[in-house]
Amino acid sequence: MAPADKASALVQGTLDMLILKTLALEPMHGYGIGMRLEQISHGAFQVNAGSLFPAFRRLERDGLIKAEWRATENNRRAKYYALTAAGRRRLAEATREWEAQTVAITKIMRATLGEA
Amino acid sequence: MFRVARDVLAGLRALFRRDQVEQDLDEELREYFEAAIDRHVAAGMSREAATRAARIERGSVTAVKQHVRETGWESRLDDLWQDARYGVRTLRKSPGFTLVAVLTLALAIGANTAIFSIVNGLMLRALPVTAPEQLAMVSTVHTVEDGYTAGFNYKVSEHIREHVKHLGRSVSWSVFHSRLDLAQAGEADRVDGLFVSSNFFNELGVVPLVGRTFTPDEDRLAEPKSRVAIISHGLWQRRFGGDAGAVGRTIVVERVPVTIVGVAPPQFLGPEVGRAFEIALPIGSAPLVLHNEGWGAGGFDPSYLAVMLRLAPGQSLGSATTALRGMHRQIIAAAMQPNEIWGENQVEQLKDPFVMVPASAGTSDLRRQYSRAVVTIFVIAALVLLIACANIASLMVARGAARSRELSLRLALGAPRRRLLQQLIVESLILASMGAVVGLLVATWASDALVTQMSTWFDRVTLDVTLDWRVVSFTVLVTLATALLFGLAPAFRASSLTPVAALKEPVSSGDSGMPRFWSRSGLVAAQVALSLLLVITAGLFIRTFDRLLAVPLGFDSNRVLVVEVDGSRTAPAPGARTALYERLASVVTQLPAVAEAGASLNTPANHGLTLVSDYTAPGMPELPPMERRAIVNFVTPGWFHTYGLPVRAGRVISASDTRQAPLIAVANEAFARKFFPGHEAVGGTIQEAIGPPERPKESRTVVGIVGNALDQSLRREAYPTLYLPIAQWPTFFPEPAQISVSVRARSGSPVALARGVAERLMTVDRNLSFTFRPLEDQIDAASHQERLIAWLSAFFGGLALVLAAVGLFGIASSTVVRRRTEIGIRMALGAQRRDVVRLALRQTILATAVGLAIGLAAAAMLTRYLEAMLFGITPLDPVTFVAAPAVLGVVALVACFLPARRATSIDPMVALRSE
């Protein structure tokens with residue numbers, strides 16, 4: 001059950017951001033997104049359907065991604081998600097926030113290690 | 001916002017295109033699954049291994065679908081709807097419980113709503129006029145304190161109206177209760193009349209249904225043009241059948257023909273809450289219609305008028321008050337026509353500083369009379385509701401325990417605790433709503449019935465108690481609060497289970513855990529305490545009523561008919577009217593069915609104007625004017641015998657006490673005690689000690705003492721009273737326009753005399769008009785409010801008793817059932833029946849005792865607020881405080897012991913086997 005535990009450590013908001021980032025490169029279907037997340041994180045994040053699908057629904061409702069039925073490589077019908085303009089804006093925002101947070105946390109962590 | 005709109009639309013789609021949405025998701029999940037398999041196969045796994053891995057990645061389809069579903073706002077609505085339907089199903093499965101709960105709630109919520117609609121109609125609702133918030137009454141400081149409506153005589157009110165034009169526009173109307181006779185002759189057909197200024201209807205924005213309102217030249221004092229009238233919608237329907245042709249027709253008011261110029265709309269009942277007018281006339285017509293010269297310009301002035309302002313924008317109550325106070329001196333000068341006692345009284349009243357009072361809800365003497373009582377009954381009804389809630393809460397706890405299996409199963413299947421809680425609370429809301437709907441029906445009927453009960457012969461009460469937004473919101477709030485009160489705690493209790501409990505045996509074996517014990521006992525104590533509080537309150541009011549009825553009247557009220565005769569249209573030769581009144585009494589006495597008859601100015605509890613005067617007697621200590629006051633009633637000789645007043649000394653008035661004979665008086669015991677303390681009153685002389693200097697002061701000899709008799713109020717102790725012969729009516733007083741003739745029947749009901757008496761009276765003078773009323777009705781009306789409160793509080797107290805008994809019975813029963821096994825074991829081991837019973841009910845009885853103690857303490861602290869309404873007893877009346885707990889205790893014991901007896905008849909083997 002270890003991978004599931006790791007996946008559940010992902011906060012809801014962070015997962016949303018990661019999905020948006022994944023879709024920024026190209027539109028994808030559900031499994032593809034999950035696979036891409038796993039690939040890029042070198043196996044650190046393995047997200048299952050139970051977390052992905054609700055995230056898709058949320059992002060769709062918020063107008064950040066839009067869905068379209070298309071044929072896959074294997075000629076099956078699948079739902080493809082793509083970023084909307086609002087989604088792109090939100091991704092940029094989230095990226096900025098995340099980076100600012102990371103810088104701040106890093107500073108604190110470094111300071112605790114004895115620096116003035 | 002686009003986002004919100006999209007969200008809402010998506011949610012609606014999910015609700016209404018459920019299947020489509022489900023299909024989409026299914027397909028997407030299927031594709032996900034296939035893609036996962038493909039990927040693992042491509043990575044080198046076998047088909048089966050790939051499928052297994054894909055399954056793990058997908059997880060439980062149901063779980064995924066549920067998580068997806070929960071992201072939408074509509075899922076909450078959906079859940080609620082599901083809970084509601086399930087709740088209705090569950091309630092239908094236990095019809096007994098549902099019926100009892102709904103009925104209890106209907107009674108409790110209905111009672112509260114009914115009382116609130118009376119509170120609303122009496123105190124909160126604004127007048128159905130334009131911009132009621134701009135209205136303010138001209139009043140005085142002491143009048144406001146006493147809770148009355150301020151009235152001024154014509155001169156004063158006109159003066160005020162002239163000089164407040166810069167403050168706003170003013171209207172005035174008559175505050176005295178005018179019952180105008182619409183009959184042509186003989187027995188009176190009286191309706192409530194209102195005299196108004198010509199701009200009254202226009203200024204208030206009341207548009208007549210038919211016809212028009214008054215014009216200014218119709219409001220000049222005593223002008224023939226002022227003989228016009230506007231009739232109420234009710235009178236229009238009754239007399240003219242709603243015919244529009246009524247406008248322009250003539251109606252006879254106090255034998256004066258008056259032209260109808262308009263019909264008022266049905267929703268406008270008048271400026272006074274609690275009274276409805278049936279005919280409105282211009283103030284200018286009062287001298288023509290009311291043939292009452294008054295008893296001096298300041299006395300019973302028929303133009304006793306209230307003044308109300310529609311404040312100009314920018315005028316505040318404060319600034320208007322200041323402005324009025326600035327004019328005070330001028331106004332006093334306008335009032336100064338003093339030549340009688342009452343003129344002086346008026347000036348006394350006028351020295352009272354002005355104050356402007358907001359009047360958006362009109363004025364009301366009914367408010368002053370009833371507000372305390374209404375508020376008390378409201379609190380009582382609220383307490384009954386609390387008891388009902390406690391009752392139902394304990395029932396819900398029992399139900400929760402019985403459903404523990406079902407609930408813990410749902411928990412085990414993965415339902416969040418919050419969801420269970422929601423389910424249970426929705427059930428409570430459904431129950432409360434059903435109770436509220438039935439309760440509203442109960443309330444509409446009950447509030448109408450209550451208003452009818454409030455009316456007496458003297459006060460015809462009309463209140464608008466229809467359900468408006470305030471009442472409905474009140475009901476909704478009460479329903480919500482009720483549902484939470486009886487539902488929340490049991491819901492928390494029931495949902496705080498562990499899933500493991502589903503595997504355990506049903507919780508009927510063994511003793512329950514500590515928390516359950518406390519909750520059950522807490523409810524028992526609460527119910528008992530509240531019930532005791534209500535029973536004590538009921539006891540206090542019942543005792544008050546009883547004490548009031550026990551007040552000795554001082555006379556015999558059986559078989560007496562009171563005939564109020566209006567002689568204002570008879571020929572007023574000086575001295576002729578009093579002679580006429582004496583003839584009335586003697587003429588009536590001649591009837592065979594009549595035992596005795598006598599005429600008098602006032603009869604007991606007749607709500608008439610009481611004459612008072614100040615007297616001195618030789619040898620009497622110096623006393624301030626108020627202490628020298630006596631009530632004065634003018635009577636004919638037969639009066640004492642008609643009422644059966646006991647003669648304590650000397651004689652009563654006789655036919656020899658004529659105008660020419662020496663002036664005499666008959667005093668009551670209270671008078672004798674005050675004015676002739678310690679020595680014989682008969683033979684003593686009394687001197688009138690009040691009035692303007694130019695008027696001669698009468699001196700009279702006391703010839704007899706009679707027993708004390710009821711004057712107007714049962715609560716007041718006997719007041720010094722003088723009975724003077726009508727024949728010796730003082731020459732400087734205008735003769736009274738009305739007189740009462742009291743007739744005692746030889747046997748049977750006094751009402752049967754009416755016809756004969758009417759005929760006889762008509763032979764004396766055709767211009768008389770009269771109204772009949774049994775004396776008993778008058779006396780009963782004097783204790784009317786106390787009777788009403790006693791009945792209502794007894795009803796609620798009884799209800800509280802029943803609820804408590806039923807609640808206790810239920811709890812005791814369920815306790816016995818729950819501990820059946822334990823009881824069985826103990827009995828099998830040899831315990832006596834007595835011990836078993838005691839054991840089973842120890843907690844319940846203890847809780848009852850605690851409840852009684854708490855209730856007693858609470859009552860001791862709270863009943864002092866009722867002091868003003870009590871009579872003859874203290875708020876800590878020992879009889880009530882002993883009897884009430886005793887009654888409740890006995891009822892409680894019986895309620896507990898009935899199931900206990902059942903406990904002792906348990907066959908131990910059966911109990912053990914049932915596990």
Side-chain angles (χ1 to χ4, degrees), chain A residues 1-8 10 12-13 15-16 19 28-39 43 45-81 84-87 89-90, chain B residues 1-15 18 20-43 45 50-76 78 414:
Chain A
M1 300 304 264
D5 279 336
K6 269 235 176 93
S8 65
L10 259 182
Q12 198 184 70
L15 178 60
D16 288 0
I19 293 176
M28 271 191 218
H29 61 104
Y31 193 70
I33 297 175
M35 266 203 322
R36 180 64 60 86
L37 281 175
E38 200 185 314
Q39 274 172 11
F45 291 142
Q46 281 169 8
V47 201
N48 60 16
S51 310
L52 277 178
F53 278 74
F56 296 155
R57 201 60 71 246
R58 256 195 325 272
L59 291 169
E60 209 182 342
R61 286 275 184 111
D62 287 347
L64 301 176
I65 62 178
K66 57 179 186 278
E68 204 179 31
W69 285 98
R70 274 205 254 151
T72 65
E73 332 46 80
N74 310 29
N75 245 328
R76 272 195 300 271
R77 220 168 82 95
K79 217 176 197 183
Y80 273 75
Y81 295 103
T84 61
R89 280 197 298 275
R90 173 66 65 81
Chain B
M1 296 259 295
F2 263 144
R3 214 199 96 204
V4 173
R6 188 186 303 115
D7 199 7
V8 168
L9 281 172
L12 289 173
R13 181 166 172 271
L15 276 179
R18 213 179 281 270
Q20 178 68 34
V21 170
E22 179 111 3
Q23 258 183 20
D24 272 358
L25 192 52
D26 272 336
E27 208 174 329
E28 197 180 349
L29 272 174
R30 217 178 312 127
E31 197 283 324
Y32 186 91
F33 189 53
E34 296 293 327
I37 294 181
D38 286 347
R39 179 259 193 133
H40 287 304
V41 163
M45 285 192 188
T51 315
R52 228 189 345 261
R55 255 200 206 111
I56 293 173
E57 280 178 348
R58 186 192 61 185
S60 146
V61 171
T62 325
V64 172
K65 280 203 201 168
Q66 177 63 13
H67 285 133
V68 169
R69 183 177 162 273
E70 273 170 6
T71 59
W73 60 267
E74 73 282 359
S75 68
R76 285 186 207 277
D78 210 30

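Only a predicted model underlies this, so the values are computations on that prediction, with no experimental measurement involved. Here is how names work: the chains are called A, B, and so on, in the same order as the sequence lines, proteins then strands, and each is numbered from 1. Heavy atoms only: backbone and side chains are in, while hydrogens, waters and symmetry mates are out.
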> Do you know the tightest heavy-atom contact between A:A49 and B:L29?
Replying inline: CB-CD2, 4.5 Å
> B:E57 and A:Y31: side-chain donor and acceptor closer than 3.5 Å?
Replying inline: yes
> Relative to chain A, which segment of B:E34 carries a heavy atom at a distance below 4.5 Å: side chain, backbone, both, or neither?
Replying inline: both
>> Tell me the closest heavy-atom pair linking B:A35 and A:H29, and the distance in Å.
In response: CB-CE1, 4.1 Å
> Which distance, rounded to the nearest 0.5 Å, do you find between the CD1 of A:I33 and the OH of B:Y32?
Replying inline: 9.5 Å
> Of the backbone (N, CA, C, O) and the side chain (C-beta and beyond), which part of A:R76 lies under 4.5 Å from a heavy atom of chain B, both, or neither?
Replying inline: side chain
> Is the number of heavy atoms from other residues, nucleotides or ligands within 6.0 Å of CZ (A:R61) greater than 12?
Replying inline: yes
> Going through the checks in order, is the salt bridge (charged side-chain N to carboxylate O under 4.0 Å, His left out) test met by A:R70 and B:E31?
Replying inline: CA-CA 12 Å; A:R70 274 205 254 151; B:E31 197 283 324; over 6 Å; no
>> Between A:F53 and B:T71, does the side-chain contact (heavy atoms from CB on, under 4.5 Å) criterion hold? Intermediate values first, please.
In response: CA-CA 10 Å; A:F53 278 74; B:T71 59; over 6 Å; no
> Is chain A contacted by the side chain of B:A54, its backbone, both, or neither, given a heavy-atom distance below 4.5 Å?
Replying inline: neither
> In terms of heavy-atom proximity below 4.5 Å to chain A, should B:R39 be classed as side chain, backbone, both, or neither?
Replying inline: side chain
> Given that the side chain runs from C-beta out, which part of B:D38 has a heavy atom under 4.5 Å from chain A: side chain, backbone, both or neither?
Replying inline: side chain
>> Need one label for B:A63: side chain, backbone, both or neither, based on atoms under 4.5 Å from any heavy atom in chain A.
In response: neither
> Looking at CZ of A:R57 and CD of B:E70, how far apart are the two atoms once the value is rounded to the nearest 0.5 Å?
Replying inline: 13.5 Å
